[in-house]
Amino acid sequence: EDIYMIIDTKAPTVEFDPNGNAEDLSVVETVVTVTDYSVLDGTKYMWTTDATLEPTADQITNEFESGDTIAAPTEDGDYYLWVVATDLVGNTTLVRSEVFKVDHTAPSNPTVTGKEVIEGVPSTEELPTGSTTNKDVLVEVTPGVDERDEGVETTVTITKDGTPVE
């Protein structure tokens, strides 16, 4: 009788889908797929906020099955998913995802102020909120700010009698 032996020297492979997100999202999750030549013995994960501080395999304690969807923490921030996978013969892989950006905080409200323009010169007094005038008005808009965004795009539409003014 012949006896065959397979020697497994390859560590499991790990894939993230998606592998990070470039823009802030309020719901962040990824499907983690782990494959191996032989049989998996364990798959675990942990989230960190540091891409460079590699945890040890012992620090990673959250168990999961290959193909599971893993949700990021719900607090605002940049997160990295670390996965450790081990097969039955002890081959181990420790990998990190790309950054997942989580943002649940809405930007602050914009402010809009108006000043009547008299003979080409803006008044020093701001118009009260909700007021109307038949004079020219200088309008200043300060966009809302999202502390996690580096830049904010603002669109302002001026209307007269409900019709946009070009």
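Remember, predicted model here, so these are calculated numbers, not experimental data.
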When every non-hydrogen atom of Asp24 is compared with those of Val102, the smallest separation belongs to OD1-N, 4.5 Å
Residues 119-135 vs side-chain hydrogen bond (donor to acceptor under 3.5 Å, both in side chains), sequence neighbours excluded, gives Glu116-Thr133
Output for pair (Leu25 CG, Asp103 CG), nearest 0.5 Å, gives 9.0 Å
Distance col, row Lys44:NZ vs Gln59:CD, nearest 0.5 angstrom, shows 12.0 Å
Pairwise side-chain contact, [X] with [Y], heavy-atom cut-off 4.5 Å (strictly under):
{"X": "Trp47", "Y": "Ile70", "value": "yes"}
{"X": "Phe16", "Y": "Val83", "value": "yes"}
{"X": "Lys101", "Y": "Asp78", "value": "yes"}
{"X": "Thr48", "Y": "Leu53", "value": "no"}

Contacts of Thr35 meeting side-chain contact (heavy atoms from CB on, under 4.5 Å) (sequence neighbours excluded), chain-then-number -> Thr13, Thr33
With sequence neighbours left out, the residues meeting side-chain contact (heavy atoms from CB on, under 4.5 Å) with Leu40 are Pro12, Val34, Asp36, Thr43
Excluding Ile60, membership of its hydrophobic cluster (Ile, Leu, Val, Met, Phe, Trp, Tyr; side-chain heavy atoms within less than 4.5 Å) reads Met46, Tyr80, Trp82, Val84, Leu94, Val99
Apart from Leu138 itself, its cluster of hydrophobic side chains linked below 4.5 Å comprises Val117
Output yes when a side-chain donor or acceptor of Asn62 lies under 3.5 Å from a complementary backbone atom of Tyr45, and no otherwise.
yes
- Query: Is the backbone N or O of Tyr37 less than 3.5 Å from a side-chain atom of Asp8, with the two atoms forming a donor-acceptor pair by type?
  - Reply: no
Apply side-chain hydrogen bond (donor to acceptor under 3.5 Å, both in side chains) to [X] and list each qualifying residue two or more places apart in sequence or on a separate chain.
{"X": "Thr69", "answer": "none"}
{"X": "Thr86", "answer": "Thr92"}
{"X": "Asn19", "answer": "none"}

